[in-house]
Amino acid sequence: MRTILTGAFGAGVLLLSRSAPALAQEAQNIRSTTCWSCIPVPARGVNFGGPKIEEVMLRNGLRALIVRREGVPLLRVHVVARTNSRMSAADEVGYAGALATGLTSFVLPEGRAVSQAVEELGIGVGTSIDRLGFRWYANATSAQLTPTLELLAEFLQRGDVPDSVMLAIREARLASLDRVTSQPNQLALNAINHLLYPAEHPDAWPTTGTRSSMATLSRSRLTAYRNRVMHPSRLTVIVVSDLPRETVETAIERSLGYELAAAPALSVSHAAPVAPPTRARVALVARPGAAQSLVRVAALGPRQGDPDWAAFEVLNVIFSGSSAARLDQRLRARAGLSYEVRSLVQSFEASGRLYLPFSVETRQTVRAVAETLEELDAMRRDISLEEVERAKRTLVRGFPDGFVSTFGVALRVYELVLQGLPMNYYGSYASSIQSVTLADVRAAMRKYLAVNRVQLAIVGDIATYEHEIRALVGRRGLVVLTPDSLVPR
Amino acid sequence: MHSRGNGRSTVTNPIPMRTYRLSLILLNALALLAVDVAATNAQSVRFDPPYTRFRLANGLEVALARMPDAPVVTVMTLYRVGSAHERAGRSGFAHLFEHLLFNDTKHITELQRTNLLLENGGGANASTNRDFTIFATWASSNALELVLYLDAERMGNLLGGVTDRALDLEKEVVRNEHRDRIGNVPYVAAQQSLYELVFGRQHPYGRPTLGSMQDLSAATVADVERFYREYYTPTNAVLVVAGDIHLDSTRLLVERWYGAVAPGAEPPPLAVPKAELSGVVRVVREEPVELPRLYVSWPTPPDLTGTSITLDVVEALLSRGIANRLRERLVGELRIAEDVIVTHETAAHGGLFTIEVRAVAGQSLGPIDDEIRAALARMVESPPNEAELQRVNKSLELGVLAQTESTGGRAGYFAQNILLTGRPNVFAERVALRRALTPRDISDAVFGFLRPDRRVVLSVVPSGRSALAVPGSSRTSGAQ
C-alpha cells in the first residue's frame, strides 16, 4: 500500500492508494527503463536581476533603501554606518568594532539598556563589523516595523554608554589583542596584511583595533565617534519586508525623520592607492610543533565596481574560487593535501584582493606552496575559453542563490551600501559577467595574479621547512615575522 | 563535513557559501512560516507551510515544498545513520563515508558532478552528526532534474566508484579536516571530550563524530561497501525538495530517478543505553591557551520530548537579554568572566546541556563553578515570570521563521522533523508545549535535570596552570 499525504496549508491529509503488486510492478518498470548514463540537460538558464530597491532621502539626510519581498511576514532592518578613512582618524582604528560591540549595551534615558528594550519587544538584534563599516540589524515580524524603528530612533538620538560598559569594552579589546599571538588564524591574516599594505594603511586597519587606539578609548571619545559616524546624514537604513513601500516609508519618516544638529565635520582624507608588490614574498611565522601549517595566499586586485572587477571574479573562480577550480583539484581532489582550498575576492577602500586561506599538514607545506606557485605560472601561460565560459555560468547562475531570504536580500543591499555601488548594480550583474572575454581574463591574470604579485604567509612549524621555502622564493622573497610583531600596535 | 560548491563572494569579510549553507541546514529548527501580521501578540503565530508528501515503493519518504520566491531549488537527502551507528574500532567512519559520497560513482565522476552543479549555479554540501547524515544539493531551478539525478545516482550507484586509492585520498582530506577543526582551534578538543565524559565510552554518543585518526586509518573498502548496503538505502532515507518547483512534475521526476533505486534491508537496530551520571565528574585539561574556561554539562532527554523542549527554554532564558542572570553576575558584577555561553544540543537519544564560562586571565574556576550552582539554585527558587517566558518563546519562534526562509533551511527543517517524528511540520505542537510552560515547569526542569550533584565539570586551563581548575579535578574522568 502506498500512501500519499498532501499537507497543503495544513488542511488535513489526502490519502490515495494503489495495490502493493501494482506498486512493485511500477517500481520494477522504472528500474528497468532508467538510463543512468543519460545525464539530464537543464533547460535554458533563468533570468534574475536582483530585487527592486527603492531609495528615499529624509530631510535630515538619512538615506533609506526599501525592498519589498512578499510572501513571508518578516522584517529585516539594517542600519549601516560606513567607517572608512573619511569617517575615522588613524588613531580611531577599532572604534567601529568597539561601537558595534557596545551598541546593545547602550543605555536609554530612563536607565533601560537597549538589550532590555529589545528583549521586551521580542525581536532579535545584532551587529556585525566589516573593514568598511558596520551594521546594526534587527530581525522581527513585519508587524513590528514601527516599534523596531522607534527603538532605533530613541537609541540614535539619546542612547548613552555608561562608564562601566566602556571600561568592559576596552578591557575586552585589549585582552583580545594580547591573545593574537596564540591565535594562528589571526597571525596568518596579520602577516598577509603586513606584506600587502603599507604600515597603517586603511585597507589593513584591523577591526579589532590596535593597542594604542584601544588604550585611548574612552567614553567621551567613543561618543564623539558615534555622533560622527552615526549622524543620520551619514547613515543608511535598509528595510526589507513584505510591506508596501508607502507603509515602510511613512514609518521611517515618522520614526527617523527627526531634526538634529549639523553633522560633525570629517577631517580625514581618502586612503591612498596601494602599490602592488613587485616580487613574490613569503612571510613565515613560527608556531613550533604545529601539526598543520596555515597558508594564506593573497594578491591585490581591483575594487568592486572597477571595470576589471568582473574579469577578476571570473579569474578567481578558475584559480581557486570553486570546488572545480584548478587549485582545489590540484591540492585537494587529486592529492588530498588540504580539507578546503577556496579563495574569495574582497573589496576594500583603496583596493580589492584575492584571498586564499588553506591549511596543510606540516610535512606537505613546501609541496603545497610549490604547487600553488606552479599553478599560477600555468595560468599565466594558458587559460582556456572553456574555463572562462564555465566560470561565467557558475557566477551568473549562482547569483540568485544570494537572494532566497529576507536576510539574504538585506545582506546584498548592505554590500552595495558598504561598497558605495549603485542600486542597479545587481540588475546589470549578469550582463557584466557575461561580457567578460577570454582576453579580459588573461589580462587580469597578468595584471593581478602574476606570480610576482602574489604574497604568501605561513604560520606553522617553520623550522622544519624554512630552508626549502627559501630555496623556492629566494632569500629576498622570505620574511620571518615573530608573533609579537603581528600584534597591532 | 564536506562541500563542493561555488565559492563566489564579492563582499568584505563574507560568510563563505559553505558556512552559510550549513548554518541553514544544521539549525536544529523549530519553524514558523506564517504569522498573523495584524497583531504582535505571540498567541497569533501560525505555521502552515504548503507541502506534498508521499512514499515511493522502495520505501523512500519524500516531501516537496514549493517556494517560488527565487529561481533556486535545494534537494536534501537525510540518511538515518550517524556516528552513533559506527562499529567499535571504526569511529569517524560515518563522516568519512559522507565524504566518499562526493567521489566518483558508477556513472559519473566527481569532477563531472561538481562542474555540472557549478555551471548551473549550484553546489553541494553535507554534514554528519550523531544520528544522521544529511546531503544538500542545490542549483538554479531549471536544473531540478539534474540535481535529482545526481543525488539519486549516489544513492543507487556509489559502488564501483570507491577504490582503495579514492579511499586513501579521502582519508587524507579528513585528517586535514580533523587538524583544521580540532588541532588548530583552541578549546575544541576539550569541548568534544564532553560527550565522552557525560555519556561514557559505551554509549553511541560517547565518541566524537570526527573519530580518531587511528580508526580512520583502519577503514577499508569492504567497510565502505558494508556501510553503504546497510544504511544508504531508500528505506533508510528521507528526501525533501524545496524551491521554485512544480509539485506534480517534481513528483514524476522523483519517481523516475529515486524510484529506480532498489530498496534495501532494514538497517541493524541501534542499542542505546541510558545516559546517567551518578555523581560529579571533575576533570582538568591543560592546553596551550591563554584563558581558562569552565564547562559544566548534564545529559538531557531525547529531542522533541516535553522535557527537552522545556530545557530549550531554560537555555534561552539563561542565554538571552534580561534573563541572562549568570552573565550579568559573572561579566557585569564580578568581572571574572568575559562571556557565558549556554547550549542545549539535542539529539534522538539524548541531549547535552552545557554552561561554558570564558574566564578572564588568571581567574580560578572554582568561584565560577560556585556562581553557576548558585544561579541555578536561584532559578529553582525564583523562576522567570510568565511575561519573561513568553518573550523568550516569541523570540525563539521569530528566529526559526528566519531560519526556514531559504530553500535549504526549509528542506532541512522538514527532513529532520520527518526523521524524528514522522511528520514534516511539528511547529504548532512545539509552540503549544512551550506556551503552556509555567514558571514552575522551568523550576522543576532545572531542579530535575541540571542537578548540582550529577554533572560533569571540565576545567580547561593554560599549560602549567592546573591550580586554576575547579578544586578536586583529576586529569582523567571518573565520578568522585
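Note on naming: letters A, B, ... go to the chains in the order of the sequence lines (proteins, then strands), and numbering restarts at 1 for each one.
If you take CD on A:Q292 and CG on B:D180, they are separated by 4.5 Å, rounding to the nearest 0.5 Å. Between the CG atom in A:L121 and the NZ atom in B:K394 there is a gap of 7.5 Å [rounded to 0.5 Å].
At least one side-chain heavy atom of A:P40 sits less than 4.5 Å from a side-chain heavy atom of B:W257. Looking only at side-chain heavy atoms (C-beta outward), B:K106 and A:W36 stay at 4.5 Å or farther from each other. A 4.5 Å side-chain heavy-atom check between A:R332 and B:E172 finds every atom pair outside the cut-off. Residues A:V404 and B:D69 have side chains not in contact (no heavy-atom distance under 4.5 Å, counting atoms from C-beta outward). Using a 4.5 Å heavy-atom threshold, the side chains of A:S323 and B:L118 count as touching. Looking only at side-chain heavy atoms (C-beta outward), A:Y339 and B:H99 come within less than 4.5 Å of each other. Residues B:E177 and A:E340 form no side-chain contact, since every pair of their non-hydrogen atoms from C-beta on lies 4.5 Å or further apart.
A:R76 meets the side-chain hydrogen bond (donor to acceptor under 3.5 Å, both in side chains) test with no other residue; sequence neighbours excluded. Shown here are the salt bridge (charged side-chain N to carboxylate O under 4.0 Å, His left out) partners of A:R179, two or more places apart in sequence or in another chain: B:E338.
Across all non-hydrogen atoms, the minimal contact from A:I39 to B:L146 is CG2-CD1, 3.7 Å. Residues A:P42 and B:N120 share a closest heavy-atom pair of CG-OD1, 3.4 Å.
By the 4.0 Å N-to-carboxylate-O rule, B:E110 lies too far from A:R334 to be salt-bridged with it.
If you measure heavy-atom distances from B:A166 to chain A, you find no contacts under 4.5 Å at all. Residue B:L150 does not touch chain A at all, counting heavy-atom pairs closer than 4.5 Å. For chain B, the nearby part of A:E70 is the backbone; its heavy atoms alone come within less than 4.5 Å. Heavy atoms closer than 4.5 Å to chain B are found in both the backbone and the side chain of A:T406. For chain A, the nearby part of B:N157 is the side chain; its heavy atoms alone come within less than 4.5 Å. For B:L116, the part lying near chain A is the side chain, with the backbone staying farther off; criterion is any non-hydrogen pair under 4.5 Å. If you measure heavy-atom distances from B:L111 to chain A, the contacts under 4.5 Å come from the side chain alone. Only the side chain of B:R165 comes within less than 4.5 Å of a heavy atom in chain A; its backbone stays farther off. Only the backbone of A:A335 comes within contact range of chain B, judged by heavy atoms closer than 4.5 Å. With a 4.5 angstrom heavy-atom cutoff, B:I108 touches chain A only via side-chain atoms.
Note: A:A140 leads A:A140, A:A291, A:G124, A:C38 in heavy-atom pairs under 4.5 Å with chain B. Of the listed residues (B:P71, B:A70, B:G243, B:S141), the greatest number of heavy-atom pairs within a distance under 4.5 Å of chain A belongs to B:P71. Your options are A:I123, A:L337, A:V118, A:V396, and the one with the most heavy-atom pairs under 4.5 Å with chain B is A:L337.
Side-chain N or O atoms of B:E145 include none that pairs as donor or acceptor with a backbone N or O of A:V41 at under 3.5 Å.
Between the side chains of A:T394 and B:E119, not a single donor N or O lies within less than 3.5 Å of an accepting N or O.
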Practice problem: Could you walk me through whether A:E361 and B:R175 pass the salt bridge (Lys or Arg N to Asp or Glu O under 4.0 Å) test, one step at a time? | Solution: CA-CA 9 Å; A:E361 191 184 357; B:R175 284 190 195 101; over 6 Å; no

Exercise. Go through B:N115 and A:R390 one step at a time and tell me if the side chain to side chain contact (heavy atoms under 4.5 Å, CB included) criterion holds.
Key: CA-CA 8 Å; B:N115 272 327; A:R390 183 180 291 148; 3.2 Å; yes

